[in-house]
Amino acid sequence: MRMETRGMVGNEEDERLAEEAARVNLVLAETGQADLVWGHVSLRDPHGRGVWMKASTWGFEEITPQRVVLVSPEGEILWGEGPRHIEFPIHAEIMLARPDVNCVVHTHSSAAVEFASLDVPIRAISHAGVEYALLGLPRFTRTGGLIRSRDLGRSLADALGSATAALLPQHGLVTVGDGAAAAIMRAVRLEVACAQQLRVMAAGGPVLWSDESELQEKEDEVWSAAQLQIGYDYLRRKSEQQGR
């Protein structure tokens with residue numbers, strides 16, 4: 001790894017941050033949303049230098065600290081060895097627009113892509129869809145192509161607004177959180193919610209789903225921060241059992 005790079009705050013701390021970013025990728029690998037080497041998860045750099053994310057050409061399950069890079073909002077690699085992902089603006093621009101967000105997930109979830117193409121609202125037909133039915137699930141429609149410029153990244157951040165997730169028709173999904181547990185578990189829940197609704201729609205429904213009062217009750221009881229952490233910890237244990 002390159003150890004003498006602009007923006008360094010100390011080798012030991014940056015190595016710790018790289019290890020944390022690597023671990024998040026290994027956990028995301030357990031969600032079943034991998035698309036070969038495409039898709040990515042990022043962590044905010046605590047010193048404001050940019051985002052920590054995996055280097056391009058590697059799958060989630062292959063990530064080690066040596067395959068992590070720190071990318072500035074301009075796309076410069078400040079730590080580690082590239083190449084960086086073309087779509088780094090997804091992460092950089094959302095974090096610039098949302099100080100409350102410390103983790104961003106972007107995957108090519110098949111269920112999310114299929115559901116997004118229908119242009120219908122998400123329904124809380126199970127626990128999985130509650131947050132999106134309650135808080136909204138925006139769609140980014142400016143392009144179905146790669147988010148490869150800062151301008152497109154800012155447009156995506158604008159479309160996301162204050163929501164916790166967005167669909168990218170013809171592309172995938174984006175979820176965010178104050179940490180990895182929230183962002184990754186939201187990606188898990190969104191994929192499940194989309195897949196369930198697709199099956200129900202194929203069967204001629206849905207007919208029943210949670211009303212507004214039940215939505216709020218479920219959100220508070222089923223998807224508290226503590227519950228998100230429990231789910232994330234389970235995925236982390238699975239990744240460790242796989243020797244990752």
Side-chain angles (χ1 to χ4, degrees), residues 27-28 31-33 41-42 44 90-91 93-95 97-142 155-235:
V27 173
L28 188 56
T31 69
Q33 295 191 44
V41 55
S42 65
R44 182 190 293 275
I90 290 175
H91 306 267
E93 296 302 327
I94 287 176
M95 289 198 194
R98 293 277 300 272
D100 60 310
V101 168
N102 294 309
C103 182
V104 176
V105 172
H106 169 55
T107 73
H108 299 156
S109 157
S110 293
V113 171
E114 293 157 6
F115 180 76
S117 73
L118 299 175
D119 198 24
V120 297
I122 195 80
R123 301 295 188 189
I125 58 178
S126 77
H127 298 334
V130 166
E131 182 172 16
Y132 312 113
L134 182 65
L135 301 179
L137 181 60
R139 285 169 167 82
F140 175 69
T141 58
R142 179 175 167 184
S155 290
L156 174 57
D158 289 343
L160 177 67
S162 61
T164 57
L167 295 176
L168 284 63
Q170 302 95 56
H171 192 164
L173 61 78
V174 165
T175 59
V176 301
D178 59 358
I184 289 178
M185 285 302 297
R186 283 171 175 147
V188 171
R189 291 161 52 190
L190 182 53
E191 181 182 36
V192 169
C194 289
Q196 289 176 335
Q197 190 160 335
L198 286 168
R199 290 193 293 270
V200 169
M201 291 175 69
V207 176
L208 299 175
W209 55 80
S210 294
D211 61 19
E212 289 189 13
S213 61
E214 188 171 76
L215 284 175
Q216 188 60 64
E217 182 179 356
K218 278 192 171 186
E219 179 68 10
D220 295 340
E221 290 184 350
V222 180
W223 296 124
S224 65
Q227 291 298 314
L228 293 174
Q229 187 65 51
I230 288 170
Y232 178 83
D233 289 343
Y234 166 72
L235 292 172

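Note that the structure is predicted; figures quoted are calculated from it, not measured. The chain is numbered in sequence order, starting from 1. Side chains are part of it too, since the values below use all heavy atoms of this structure and drop only hydrogens, waters and symmetry mates.
- In this structure, Leu134 and Gln216 have side chains that are in contact, with non-hydrogen atoms separated by less than 4.5 Å.
- A donor-acceptor pair under 3.5 Å is absent between the side-chain atoms of Trp223 and the main chain of Arg186, judged by distance alone.
- Here the shortest heavy-atom pairing between Pro138 and Ala159 reads CB-O, 3.4 Å.
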**OP:** Applying side-chain contact (heavy atoms from CB on, under 4.5 Å), run through Leu137 and Leu190 and close with a yes or a no.
**Re:** CA-CA 10 Å; Leu137 181 60; Leu190 182 53; 3.8 Å; yes

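- A pairwise comparison of heavy atoms in Met185 and Leu228 identifies CG-O, 3.3 Å as the closest pair.
- With hydrogens and angles disregarded, no donor-acceptor distance shorter than 3.5 Å links the side chain of Tyr232 to the backbone of Ala183.
- The heavy-atom pair separating Gln33 from Ser109 by the smallest distance is OE1-CB, 3.5 Å.
- Taking every heavy atom of both residues into account, Ser126 and Val130 meet most closely at O-CG2, 3.8 Å.
- Nearest heavy-atom pair across Ala112 and Leu173 is CB-CD2, 3.8 Å.
- For the atom pair OG (Ser210) and CZ (Arg123), the distance works out to 11.5 Å, reported to the nearest 0.5 Å.
- Atoms CG and OG, on Leu198 and Ser110 in that order, are 10.5 Å from each other to the nearest 0.5 Å.
- No side-chain heavy atom of Glu93 sits less than 4.5 Å from a side-chain heavy atom of Leu156.
- Looking at heavy atoms from C-beta onward, Ile94 lies in side-chain contact with Val174 at the 4.5 angstrom threshold.
- Atom CZ of Arg142 and atom CG of Leu168 lie 12.5 Å apart (nearest 0.5 Å).
- Once rounded to the nearest 0.5 Å, the distance linking CD1 of Ile184 with SG of Cys103 reads 5.5 Å.
- Taking the side chain as every heavy atom from C-beta outward, Asp158 and Phe140 never approach each other to under 4.5 Å.
- A distance of 10.5 Å separates CD in Gln229 from OG in Ser224, rounded to the nearest 0.5 Å.
- Side chain to side chain, Thr164 and Glu131 meet the donor-acceptor criterion of an N or O pair below 3.5 Å.
- Residues Glu214 and Trp209 form no side-chain contact, since every pair of their non-hydrogen atoms from C-beta on lies 4.5 Å or further apart.
- Taking 4.5 Å as the limit, some side-chain heavy atom of Leu235 sits within range of a side-chain heavy atom of Val188.
- By the 30° and 60° cut-offs, the orientation of the rings of His171 relative to His106 is perpendicular.
- Separation of atoms NE2 (His127) and CD (Gln196) is listed at 10.0 Å; rounding is to 0.5 Å.
- The local environment of NE2 in His108 is crowded, with over 12 non-hydrogen atoms from other residues, nucleotides or ligands closer than 6.0 Å.
- Contact annotation: the side chain of Ile125 approaches that of Gln197 to within less than 4.5 Å [non-hydrogen atoms, C-beta and beyond].
- A donor-acceptor contact shorter than 3.5 Å is absent between the side chain of Thr175 and the backbone of Ala165.
- When side chains are defined from C-beta on, Thr107 does not count as touching Glu191, because their heavy atoms never get closer than 4.5 Å.
- The heavy-atom pair separating Gly179 from Asn102 by the smallest distance is N-CB, 4.5 Å.
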